[in-house]
Amino acid sequence: MKFSKYFIPTLINSPSEAEIISHKLMLRAGMIKQSSAGIYSWLPIGLKVLKKIEQIVREEQNNAGAIEILMPTIQSADIWIKSGRYKEYGKEMLRIQDRSGREMLYGPTNEELVTEIFQAHINSYKDLPKNLYHIQWKFRDEIRPRFGVMRGREFLMKDNYSFDINKENAVISYNNMFKAYVKSFLRMDLTPISLRADSGQIGGDLSHEFQILAKTGESTLYFDKELESIDPQNIDPKKLQNYYAVVDEMFDKKNCPISEEKLKISKGIEVGHIFYFGTKYSKPLNAFVQNQNGEKVEVHMGSYGIGISRLVGAIIEAHHDEKGIIWPESVAPFKLSLINLMPENDECIKICNSLYNSLKSNDEILYDDRIVSIGKKLSDNELIGIPHQIIIGKNTLKDKLYEIKNRKTNKIIKLSLEETMNYVGKIF
RNA sequence: CGGGGAGUAGCGCAGCCUGGUAGCGCACCUGGUUUGGGACCAGGGGGUCGAAGGUUCGAAUCCUUUCUCCCCGACCA
């Protein structure tokens, strides 16, 4: 993609609406535009990152055997009245009426809808277990939206719902998702810490929340150091669940079960939450199956959420420096940027064009061909945070070597054309 | 919802106290000079001063109402 033809409206000053670092950087890097409190438009590179996160989550859901569907954003109030949550949910739920005065709502979550789908089509224990997920926009009319996309009112969430014949099997589904969650976050270069949690409004008796470590996180976590070094090849949910990990309100120095050397204190941001809640929704919404004896039994359910749009902010909180964002490769809007420092020099143009033409087919390269000052160009690229940069300028004209800079380490290496192509091949 | 703050050009801000018809930096446009760290010179365009009402000869400025946004708290992916 040629920068000059694209749309990345970077800013020097961050708008006064932003307070925290990820919000400021997202505005400055031209990723989002606020529409109203807690509601955002996603501009091109913001959208690209959002889609990449979504895709990682999707792949790990599919790997874990979950099946993708898509439920609507607008729901009828009926099923919420049935489940009893229409009253319970309060002002957080955005309630609307259609033209004939029917009560509708913008879905804050989907337990009722998915249960309805399930009960309409699944009747036998032979069809279990089932695990359905979707990635859809939700709306919760938060008392106070804040922190940019980290706590928006409209937000993109992956939520899924497991259905099992009994509690024992439901716990297997639960642990299976637990594992998928850890894997998903590790793929985004995040350090997930799983904590036993309250199940809150969703209800139920088994629940974990997933926080990722970030210096600027909202909550303070106390946990066993070993949680920081999970081997992605070898994730054992039960083992991970046994490590000590609590939020600060729960921490009690006297009764802490692990030694001080093992204990680590760090800030975290919640990005996922999983629940087992048994028959809480299957009962009122008639989600039964017949078991082997021909008896009707209520299915045992779990639900699992990941805040996709929140993760965009959370990843920035975990990966940035004073110059801007440092994207992990797996979610970067582009993996490589080709920076022409002399965009009006024929020879430089020739070198860049030839490199760009041989690489542009994969959509992971941003070619900064803009005619702007060198300082502006370099600082914009740092702000946007693309992990690898090839910098072409007068040095290249002199020695025919290509400078490759790593955004994270700031290290620059000089390579021949052949070595450069080799290097780039490995990135893609 | 309780407490605090802010709305003046695309962004960041000054002007308001003490009323006289709007200014600065960046960005933008034109021309020129520059070219390895957010360039320089010259010229230029852009504002219902959040909205409504009131006071006044005259309101960005004073008064009233209202809308929006931000921060702290309870809530949450």
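Note that the structure is a prediction, hence the values are computed from the model and not measured. Here is how names work: the chains are called A, B, and so on, in the same order as the sequence lines, proteins then strands, and each is numbered from 1.
As rounded to whole Å, 12 Å separates atom C1' of B:rG73 from atom CD of A:Glu218. The separation between A:Phe139 atom CZ and B:rC75 atom P is 20 Å, rounded to whole Å. In this structure, CZ of A:Phe7 is placed 11 Å from C1' of B:rG10, rounded to the nearest angstrom. Residue A:Glu111 contributes atom CD, which lies 12 Å from atom C1' of B:rA77 at whole-angstrom precision. To the nearest angstrom, C1' of B:rC69 lies 16 Å from CZ of A:Phe147. Separating the NZ atom of A:Lys24 from the C1' atom of B:rC71 is a distance of 12 Å, rounded to the nearest angstrom. Protein atom CG of A:Asn13 is 14 Å distant from nucleotide atom C1' of B:rA9, rounded to whole Å.
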Indicate for each nucleotide in nucleotides 33-38 of chain B, in 5' to 3' sequence, whether protein heavy atoms under 4.0 Å reach the base (B), only the sugar-phosphate (S), or nothing (-).
--BBBB
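Counting only heavy atoms from C-beta outward, the side chains of A:Tyr402 and A:Ile391 never approach each other to under 4.5 Å. Between A:Ile306 and A:Tyr304, every side-chain heavy-atom pair lies at or beyond the 4.5 Å cut-off. Between A:His388 and A:Tyr423, some side-chain heavy-atom pair lies under the 4.5 Å cut-off.
Summarising the geometry of A:Gly90 relative to A:Arg95, their closest heavy-atom pair is O-NH2, 2.8 Å, with the distance given to 0.1 Å. Considering every non-hydrogen atom in both A:Arg153 and A:Ser36, the closest pair reads NH2-OG, 4.0 Å. Closest approach of A:Met71 to A:Gln136, counting heavy atoms only: O-NE2, 2.8 Å.
The pair A:Lys130-A:Asp164 fails the salt-bridge criterion, with no side-chain N (NZ, NE, NH1 or NH2) lying under 4.0 Å from an Asp/Glu carboxylate O. In this structure, A:Lys138 does not pair ionically with A:Glu154, as no charged nitrogen and carboxylate oxygen lie closer than 4.0 Å. A salt bridge does not link A:Lys158 to A:Glu54: none of the charged nitrogens lies less than 4.0 Å from a carboxylate oxygen. The pair A:Lys91-A:Asp141 does not meet the salt-bridge criterion, since no charged nitrogen lies less than 4.0 angstrom from a carboxylate oxygen. For the pair A:Glu59 and A:Arg187, the salt-bridge criterion is met [side-chain N within less than 4.0 Å of a carboxylate O]. Remark: A:Arg151 engages A:Glu142 in a salt bridge, criterion side-chain N to carboxylate O under 4.0 Å. A:Asp368 and A:Lys2 are not joined by a salt bridge, as no carboxylate oxygen comes within less than 4.0 angstrom of a charged side-chain nitrogen. Taking the charged nitrogens against the carboxylate oxygens, A:Lys267 and A:Glu317 have no contact shorter than 4.0 Å, which rules out a salt bridge.
Look at the C1' atom in both B:rG44 and B:rA9: the space between them is 15 Å, to the nearest Å. Across the P atoms, B:rA74 and B:rA27 are found 42 Å apart, a figure rounded to whole Å. Comparing B:rG53 with B:rG38, their C1' atoms are spaced 46 Å from each other, to the whole Å. As rounded to the nearest Å, B:rG50 and B:rA60 have C1' atoms that lie 12 Å from one another. Only the P atoms considered, B:rU55 is 25 Å distant from B:rC16, to the nearest whole Å. With P as the reference atom, B:rU8 and B:rC69 are 14 Å apart, rounded to whole Å. The P atoms of B:rG47 and B:rC24 are separated by 15 Å, rounded to the nearest whole Å. Nucleotides B:rU64 and B:rC72, compared at atom C1', are 29 Å apart to the nearest Å.
In this structure, B:rU56 forms no base pair with any nucleotide, since neither Watson-Crick nor G-U wobble geometry is met with both distances under 3.5 Å. For B:rC1, the paired base is B:rG73 (Watson-Crick or G-U wobble, both distances below 3.5 Å). Figure legend. B:rU33 is base-paired to B:rA39; pairs are counted as Watson-Crick or G-U wobble with both atom distances under 3.5 Å. The pairing partner recorded for B:rU61 is none, the criterion being a Watson-Crick or G-U wobble arrangement whose two distances lie under 3.5 angstrom. Across the strands present, B:rC28 finds its partner in B:rG44; the criterion is a Watson-Crick or G-U wobble pair with both atom distances under 3.5 angstrom. The nucleotide B:rA6 finds its pairing partner in B:rU68, both defining distances of the Watson-Crick or G-U wobble pair being shorter than 3.5 Å. Across all strands shown, B:rC17 remains unpaired; no Watson-Crick or G-U wobble contact has both distances below 3.5 Å.
With ring centers used as reference points, A:His208 lies 6.0 Å or more from A:Phe210. Taking the six-membered ring for Trp, A:His300 and A:Phe163 have ring centres at least 6.0 Å apart.
When the side-chain nitrogen and oxygen atoms of A:Arg144 are compared with OP1 and OP2 of B:rC76, none of them lie within a distance under 4.0 Å. Taking only side-chain nitrogens and oxygens, A:Gln211 never comes nearer than 4.0 Å to OP1 or OP2 of B:rA77. Taking only side-chain nitrogens and oxygens, A:Ser16 never comes nearer than 4.0 Å to OP1 or OP2 of B:rC69.
Closest approach to the A:Glu142 side chain among B:rG12, B:rA77, B:rA74 is made by B:rA77 (side chain taken as heavy atoms from C-beta onward). Here the nucleotide nearest the side chain of A:Ala37, chosen from B:rC71, B:rC69, B:rA77, is B:rC69. Distance from the side chain of A:Glu17 is smallest to B:rC70 among B:rC70, B:rA77, B:rG12.
A side-chain hydrogen bond (donor to acceptor under 3.5 Å, both in side chains) with A:Gln55 is found for one member of A:Lys52, A:Lys51, A:Arg58 and no other, namely A:Arg58.
Both tests do not hold together for A:Lys335 against A:Phe428: distance to the six-membered ring centre under 6.0 Å, angle to the ring axis within 45°.
Of the two residues contacting RNA chain B, namely A:Leu156 and A:Glu19, the nearest-nucleotide position lying further toward the 5' end is that of A:Glu19.
Near RNA chain B, meaning a heavy atom under 4.0 Å from it, residues 171-187 of chain A has no residue at all. Of the residues in residues 304-311 of chain A, those placing a heavy atom less than 4.0 Å from an atom of RNA chain B are A:Gly307, A:Arg310, in numerical order. Residues from residues 51-70 of chain A lying near RNA chain B, meaning a heavy-atom separation below 4.0 Å, are absent.
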Under 3.5 Å, which N/O atoms of the protein pair with N/O atoms of nucleotides 3-6 of chain B?
none

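Here A:Val247 pairs with A:Leu195, A:Glu209, A:Gln211, A:Leu221, A:Glu249, A:Met250 under the side chain to side chain contact (heavy atoms under 4.5 Å, CB included) rule; sequence neighbours left out.
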